[in-house]
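Chain letters run A, B, ... following the sequence lines, proteins first, then strands; residues in each count from 1.
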2 protein chains.
Amino acid sequence: MICREQDLRDAVIVICTGWAASVVMLSDSRRQILSFLLPGDVLSTPSGPHSSVEAITHVQWCSFARTELKEILLNQPHLINGFSRARTEEKMRADELIVDLGRRTADERIARLILNLAERLAQRGMTRAETMEFDFPLRQHHIADAAGLTPVHVSKVLTQFRRGGLIKISDRSLTILDPAGLRRIADMR
Amino acid sequence: MICREQDLRDAVIVICTGWAASVVMLSDSRRQILSFLLPGDVLSTPSGPHSSVEAITHVQWCSFARTELKEILLNQPHLINGFSRARTEEKMRADELIVDLGRRTADERIARLILNLAERLAQRGMTRAETMEFDFPLRQHHIADAAGLTPVHVSKVLTQFRRGGLIKISDRSLTILDPAGLRRIADMR
DNA sequence: CGGCCCTTTGACGGACGTCAAATAGCGTGG
DNA sequence: CCACGCTATTTGACGTCCGTCAAAGGGCCG
């Protein structure tokens with residue numbers, strides 16, 4: 001189930017198929033998900049201690065040794081741009097997550113998580129029904145670990161969203177029924 | 001007081017002198033500090049919307065146009081390593097902050113913030129008295145915005161630290177009186 | 001049928017936020 | 001040198017959001 005130990009110090013990982021998560025574990029049982037990794041995503045930066053990459057669905061991935069990669073990039077400098085863009089996007093996502101965790105409520109965090117995933121999946125052509133329905137393999141504990149919450153509270157917020165007619169979840173698939181409403185929650189306050 | 005608007009899209013900033021902060025502001029008055037910038041620090045990644053770099057003390061800095069920088073790096077590939085390391089460190093700090101904000105208590109966050117700053121200042125030779133005393137220009141609202149807390153709560157935690165004999169703050173200077181105790185709070189739970 | 005994990009729900013508690021008032025610094029101008 | 005006005009910090013009372021604990025379904029697979 002675990003793709004890699006913290007020895008992604010020496011490797012860059014590219015997800016080809018499926019969903020994965022970059023996870024940090026603390027001494028007790030607390031966990032924090034740094035990012036969800038979708039097909040095409042690059043994990044270019046070594047994460048700190050006690051971090052790993054965990055598969056959420058079945059995953060296919062590639063792994064490049066950093067030394068190797070450095071040579072490739074030196075020989076073919078036109079590839080640097082793409083790699084640099086991947087790192088930039090990683091960092092910008094991390095910065096957004098910092099703001100979410102530092103300054104937003106549980107409802108905002110979860111709404112934004114859903115909208116972010118929807119957008120990233122849409123970019124990859126992995127959505128259906130006018131981009132508002134998509135495969136959703138996450139368990140609530142994944143959402144909890146990504147949003148800095150407990151599974152119990154995630155459950156409460158999600159059922160509240162469901163009762164508000166904002167989303168529908170069934171059969172490992174999520175539908176955004178009221179995009180405007182969800183965005184209002186995500187941006188507001 | 002503000003060094004740069006969000007048009008650090010086009011520039012890379014290097015701090016030469018003083019303390020600064022990379023800040024994101026939300027629609028209401030909520031603020032989140034992404035990182036404190038010390039002398040020698042590089043802000044290589046464009047932060048998202050509503051972000052800026054604010055001076056905390058008097059600051060001297062350099063700014064490189066990205067296009068320019070790209071040329072320099074293409075012509076002198078041996079400089080790429082250093083730039084890449086700066087980006088990696090930025091990302092690792094961001095990841096640590098994500099874990100702090102997502103999964104740690106107020107005490108842990110503040111203890112870790114203090115220890116992190118102490119370590120970074122020690123690396124720069126900016127500490128005194130066996131590396132446990134250093135200039136500390138931060139206001140409590142800076143700490144609050146960095147740790148995702150309110151200034152009121154920061155005040156309570158800091159006086160608790162002071163009463164516990166862990167730190168001493170006076171005259172814009174901070175002394176870590178009990179490094180082991182502070183580290184115990186920072187790592188624990 | 002029987003475990004096992006996931007999710008839901010409710011009662012309760014705790015960490016942190018909000019509000020408000022008092023105090024302390026600190027620069028400015030008289 | 002002192003009066004003042006501003007901002008930062010401290011402190012306490014109280015409220016809220018989210019966590020904890022526990023119990024009760026559901027879904028899935030052997």
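A salt bridge between A/Arg31 and A/Asp145 is present, with a side-chain N of the basic residue lying under 4.0 Å from a carboxylate O of the acidic one. For A/Arg93 and A/Glu89, the salt-bridge test passes: some basic side-chain N is under 4.0 Å from an acidic carboxylate O. Note on A/Asp41 versus A/Arg124: salt bridge recorded, some NZ/NE/NH1/NH2 to OD/OE distance being below 4.0 Å.
At distances below 3.5 Å, at least one donor-acceptor pair connects side-chain atoms of B/Arg109 with backbone N or O atoms of B/Ala147. Counting only distance, with no hydrogens or angles, the side chain of B/Glu119 and the backbone of B/Asn116 share no donor-acceptor pair below 3.5 Å.
Rounding to the nearest 0.5 Å places CZ of B/Arg103 at 9.0 Å from CD1 of A/Ile33. Expressed to the nearest 0.5 Å, how far NE2 of B/His153 lies from CG of B/Leu158 amounts to 10.0 Å. Between the CH2 atom in A/Trp19 and the OG1 atom in A/Thr17 there is a gap of 13.5 Å [rounded to 0.5 Å].
When only modelled atom types and interatomic distance are considered, A/Ser35 and A/Glu90 share no side-chain donor-acceptor pair under 3.5 Å. Defined by atom type and a distance below 3.5 Å, a donor-acceptor pair is present between the side-chain atoms of B/Asp107 and B/Gln160. Side-chain N/O atoms of B/Thr88 and A/Arg87 include a donor and acceptor closer than 3.5 Å.
D/dT9 atom C1' lies 16 Å from atom CG of B/Leu149, rounded to whole Å. Distance, B/His153 NE2 to D/dC17 P: 17 Å, rounded to whole Å. In this structure, A/Arg103 places its CZ atom 13 Å from P of C/dC16, rounding to the nearest Å. Atom pair A/Leu174:CG and C/dT7:P shows a separation of 13 Å (rounding to whole Å applied). Rounded to an integer number of Å, the gap from A/Ile110 CD1 to D/dC17 P is 14 Å. In this structure, CD1 of B/Ile56 is placed 13 Å from P of D/dA8, rounded to the nearest angstrom. Distance B/Arg30 CZ to C/dG17 C1': 13 Å, rounded to the nearest Å. Between the CG atom of B/Leu101 and the C1' atom of D/dC18 there is a distance of 16 Å, rounded to whole Å.
Put simply, B/Gln140 has no side-chain N or O that comes within less than 4.0 Å of OP1 or OP2 on D/dT7. At C/dT7, none of the side-chain N or O atoms of A/Ser155 fall inside 4.0 Å of OP1 or OP2 (strictly under the cut-off).
Helix bend of the helix from C/dC1-D/dG30 to C/dC26-D/dG5: the angle between its two end axes, each built from five pairs, comes to 40° after rounding to 10°.
For the segment residues 158-172 of chain A, the set of residues with a heavy atom within less than 4.0 Å of an atom of DNA chain C comprises A/Thr159, A/Arg162, A/Arg163, in numerical order.
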Below 3.5 Å between N/O atoms, which protein atoms pair up with nucleotides 13-15 of chain D? Just atom names and distances, please.
residue, atom, partner, partner atom, Å
D/dA13, N6, B/Lys156, NZ, 3.4

